[in-house]
Amino acid sequence: MIDKLNDPQREAVTLPPGHALVLAGAGSGKTRVLTTRMAWLIQTRQSSPLGILAVTFTNKAAREMLARISAIMPIDTRGMWIGTFHGLCNRLLRAHFRDAGLPQAFQILDTADQFAAIKRLLKANNIDDEKYPPRDVQRFINCAKEEGQRPGDVEAYDSFRRRMIEIYTLYEAQCQREGVVDFPELLLRAFELLSRNEPIRNHYQRRFRHILVDEFQDTNNLQYRWLTLLAGDGASVFAVGDDDQSIYAFRGANVGNMADFERDFARGAVIRLEQNYRSYGHILDAANALISHNTGRLGKNLWTEQGAGEQIRVVEQPTDFAEAQWIVDEIRSLVAEGRSRHEIAILYRSNAQSRVIEHALFSSAIPYKVYGGLRFFERQEIKHALAYLRLISNPDDDTSWVRVVNFPPRGIGARTIESLMDQARTYDTSLAASVARVPGKAGSNLAQFLVSISQMAEATRGLPLPELVEHVIEHSGLIAHYKLDKEGADRIENLNELVTAATVFAIEEHFDGLPAGESVQWVSSATDSMGDSLTPAENISPLASFLSHAALEAGDNQAQAGQQAVQLMTVHAAKGLEFDAVFITGMEEGLFPHENSVLEPSGLEEERRLMYVAITRARERLYFSLAQSRMLHGQTRYPMRSRFLSEVPDQHLKWLTPKQQVAFDGHGSEPRWAGASRASIPNRPSVAPRSPTTGVLVGSQHFRIGQGVSHGRFGEGTIIGLSGSGLEAQAQIQFRDAGTKTLALGIAKLDITHG
DNA sequence: GACGTTGTCCTTTTT
DNA sequence: GGACAACGTC
């Protein structure tokens, strides 16, 4: 088991009890170390499988860990606490719902549900949503919770914040009344449960002697405190992470947790995994050089035994369109050389960039997959179906009530809902409980809806989960509604898929055949090494369990089937993945690094880490591409080269288009390089500019070499070269202050000043 | 209550 | 450029 590991890996796996920090560089075998560590603890009888808690950030990582540990040793992983922070906290809260102050059938709001709940709250309380936009309120509440703060703990140093805190208080009351918890609440509740309830805390502290944490650099402050609380004085925390790959500060991750952990717990027990098994030397050295520009790193230098490999190919194109087209052409030749399409990835900083690339791929009939689209449980029709299911489980869930009270349409309009909300607010009850107080036709429509919900609840009593789901998608009217819709066929298919998902879930969770609405009480008969009973009774009905599952695991983010497809995704989405060939696109200031991040040093450093992640995805071949002009937000921009390009030493780069700007003399067919005396131009351009000309007509303007022009951003300049014609026409312009640029004349707005 | 028109805002994302 | 929300009209 451990003899296939390299020295630092083996050292990490076999560390004696005690806290430890493993700094695992990209491609250094991080997951392998984590899973082997668990297997080793079990095999050497230092722990039973049930004495281990392993926590990850994504369901995918948790699943992979489970799969790999089962592959190493044949143990029963059921009952093991391996999961995401949110999943484990949910489990904790389900088991101790009373002590946590929650109803048994509490439901989980995903980000969109929470947003809707906040909008509803602002409206019900007549709060000005111009001054307090729901987005900002949501961020305020979530940030507070992630710092472990209840409304009373947040500092109110001005009237604006005081009001925010009031809204936070109202929001908490609303959630409590409705029996729902949002994502950060799962963590905060679980944390409070452990910290306030000594018997429960003691129980879990005695049980979990080994806590393993994946992607430790992504933990937020509350997660850090949760871990240290759970560990208590006795457990060993084995934290694995890479500070250079911390790219989630924007959602509360605190890289500082790594340094804190080293200082406060892991003193001395720090192991670095620096041997990389993924990429060739040029790629790794480029990554190392780039990331060395960051300050305050824990320090790490990747190396490989694989040799230098190829340099990074760099390409500069006049437009984003040309950039995309060039990538498509290059992919064609990569495929012609025998590479698989699914081993080629195109990465971009922001999703908006994918459109042009998709267009180019589509026009060339190259199959591709875009990651990061809508997920199964986030689809409109699925959310609607889930809302009905939630109302059956808990009629006081107002978020679900509002979502489907008039869907499919049944004559309940905004005014009716408003008056219902008024009633609910006046009497401090849920919407469902206020129906009787709404008079007239509106009231009877509402009453009818209420009846149909309770009829569905009645009719499905005692039914197993899949049958229940099937009944509800039919009797809610969703199927009938989408049948009338011309584009409803896909939605109906998805609704049927929901029944399948319920079937699979019921089998996996051993709920098959059990009535979906009744709580399953099961007590694990196993005991841990100290003779403690392991788990208190789990209190959850198959239906409530399925609904948590739907909220906690929104389904695969992966696009359509089709193995042989080029992979398109953001750099964030690429973390943890690897490909033979990688294109990093849009290497431009404002885009990568993103303009919103460059003002703060910490923002810029995160962008640099993002670039580091991007570079280290490539095994063999890496491309940087950039465009001199780009359509963004409906405007053409003329970005400068990304500073990150100059942070990678020249020796690792191979420019396929000229690094220096080209200029044409206007005669002959051979381009002449500006500054031709410099020997540093490494290569002839593989994309030769079109035949040079002395003048071109673009629109109503006739451009000539030697003309003086002025440009909105670059200022005054002189045309020193022209090529192409019509839409392809480009000019090389020597600007007085902005250097030499190649601009597409059909796109750039130029005024002729003289000549 | 349904539909068409104008106006605003644009990173990154998992749970 | 495009998604989505808010407004105005039938």
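Just so it is clear: chains get the letters A, B, ... in the order the sequence lines come, proteins before strands, and each one is counted from 1.
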Name the atoms and distances for all side-chain donor-acceptor pairs under 3.5 Å in residues 587-601 of chain A, with sequence neighbours left out.
| residue | atom | partner | partner atom | Å |
| --- | --- | --- | --- | --- |
| A:Glu588 | OE1 | A:Arg630 | NE | 2.8 |
| A:Glu588 | OE2 | A:Ala627 | N | 2.7 |
| A:Glu588 | OE2 | A:Arg630 | NH2 | 2.7 |
| A:Glu589 | OE1 | A:Arg643 | NE | 3.2 |
| A:Glu589 | OE1 | A:Arg643 | NH2 | 2.6 |
| A:Glu589 | OE2 | A:Arg643 | N | 2.7 |
| A:Glu589 | OE2 | A:Arg643 | NE | 3.0 |
| A:His594 | ND1 | A:Asn596 | N | 3.1 |
| A:Glu595 | OE1 | A:Arg637 | NH1 | 3.0 |
| A:Glu595 | OE2 | A:Arg637 | NH1 | 3.4 |
| A:Glu595 | OE2 | A:Arg637 | NH2 | 3.3 |
| A:Ser597 | OG | A:Glu607 | OE2 | 2.9 |

Rounding to a whole Å, what distance do you find between [X]:[atom1] and [N]:[atom2]?
X	N	atom1	atom2	result
A:Gln353	C:dG2	CD	P	16 Å
A:Arg63	B:dT15	CZ	P	9 Å
A:Leu632	C:dG1	CG	C1'	10 Å
A:Arg135	B:dC10	CZ	C1'	9 Å
A:Arg410	B:dA2	CZ	C1'	17 Å
A:Gln245	B:dT13	CD	P	16 Å
A:Leu347	B:dT11	CG	C1'	16 Å
A:Tyr348	B:dT13	OH	P	9 Å

So if I take every side-chain heavy atom of [X] and compare against [options], which nucleotide ends up nearest?
X	options	value
A:Pro409	B:dA2, B:dT13, B:dC10	B:dA2
A:Met631	B:dA2, B:dT11, C:dG1	C:dG1
A:Arg375	C:dG2, B:dT12, B:dT15	B:dT15
A:His86	B:dT14, B:dT15, B:dC10	B:dT15
A:Thr570	B:dT11, B:dT13, C:dG2	B:dT13
A:His572	B:dT12, B:dT11, C:dG1	B:dT12
A:Thr84	B:dT15, B:dT13, B:dC10	B:dT15
A:Asn59	B:dT12, B:dT11, B:dT15	B:dT15

Taking side-chain contact (heavy atoms from CB on, under 4.5 Å) as the definition, give me every residue that meets it alongside [X], ordered by chain and number, with sequence neighbours left out.
X	value
A:Ala352	A:Ser350
A:Glu178	A:Arg120, A:Gln174, A:Val180, A:Asp398, A:Thr399
A:Phe250	A:Tyr248, A:His572, A:Glu606

Hey, are [Y] and [X] close enough side-chain-wise for a donor-acceptor pair under 3.5 Å?
X	Y	answer
A:Asn254	A:Asn220	no
A:Glu381	A:Tyr482	no
A:Tyr638	A:Gln628	no

Answer with base, sugar-phosphate or nothing: what part of the nucleic acid does [X] contact at a heavy-atom distance below 4.0 Å?
X	answer
A:Phe57	sugar-phosphate
A:Asn351	sugar-phosphate
A:Tyr248	sugar-phosphate
A:Ile412	sugar-phosphate
A:Glu130	nothing

How should the glycosidic conformation of B:dT11 be described, syn or anti, under the criterion that syn lies within 90° of 0?
syn

Residue whose closest nucleotide on DNA chain B lies nearer the 5' end, A:Gly413 versus A:Glu607
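First, find each residue's nearest nucleotide; the 5'-ward one identifies A:Gly413.
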
Judged by nearest nucleotide, the residue sitting upstream toward the 5' end of DNA chain B, A:Gly87 or A:Ala352, is A:Ala352

Give the residues of residues 398-407 of chain A touching DNA chain B, defined as any heavy atom closer than 4.0 Å, sorted by residue number.
none

Can you find a donor-acceptor N/O pair under 3.5 angstrom joining the side chain of A:Thr111 to the base of B:dT13?
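Side chain to base: no pair present.
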
Taking the six-membered ring for Trp and the full ring for Phe, Tyr or His, determine whether the centres of A:Tyr204 and A:His96 are under 6.0 Å apart.
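Aromatic pair counts; centres sit under 6.0 Å.
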
Please set out all donor-acceptor pairs under 3.5 angstrom arising from side-chain atoms of residues 123-130 of chain A, sequence neighbours excluded.
| residue | atom | partner | partner atom | Å |
| --- | --- | --- | --- | --- |
| A:Asn125 | OD1 | A:Arg425 | NH1 | 2.8 |
| A:Asn125 | ND2 | A:Leu121 | O | 2.9 |
| A:Asp128 | OD1 | A:Glu130 | N | 2.9 |

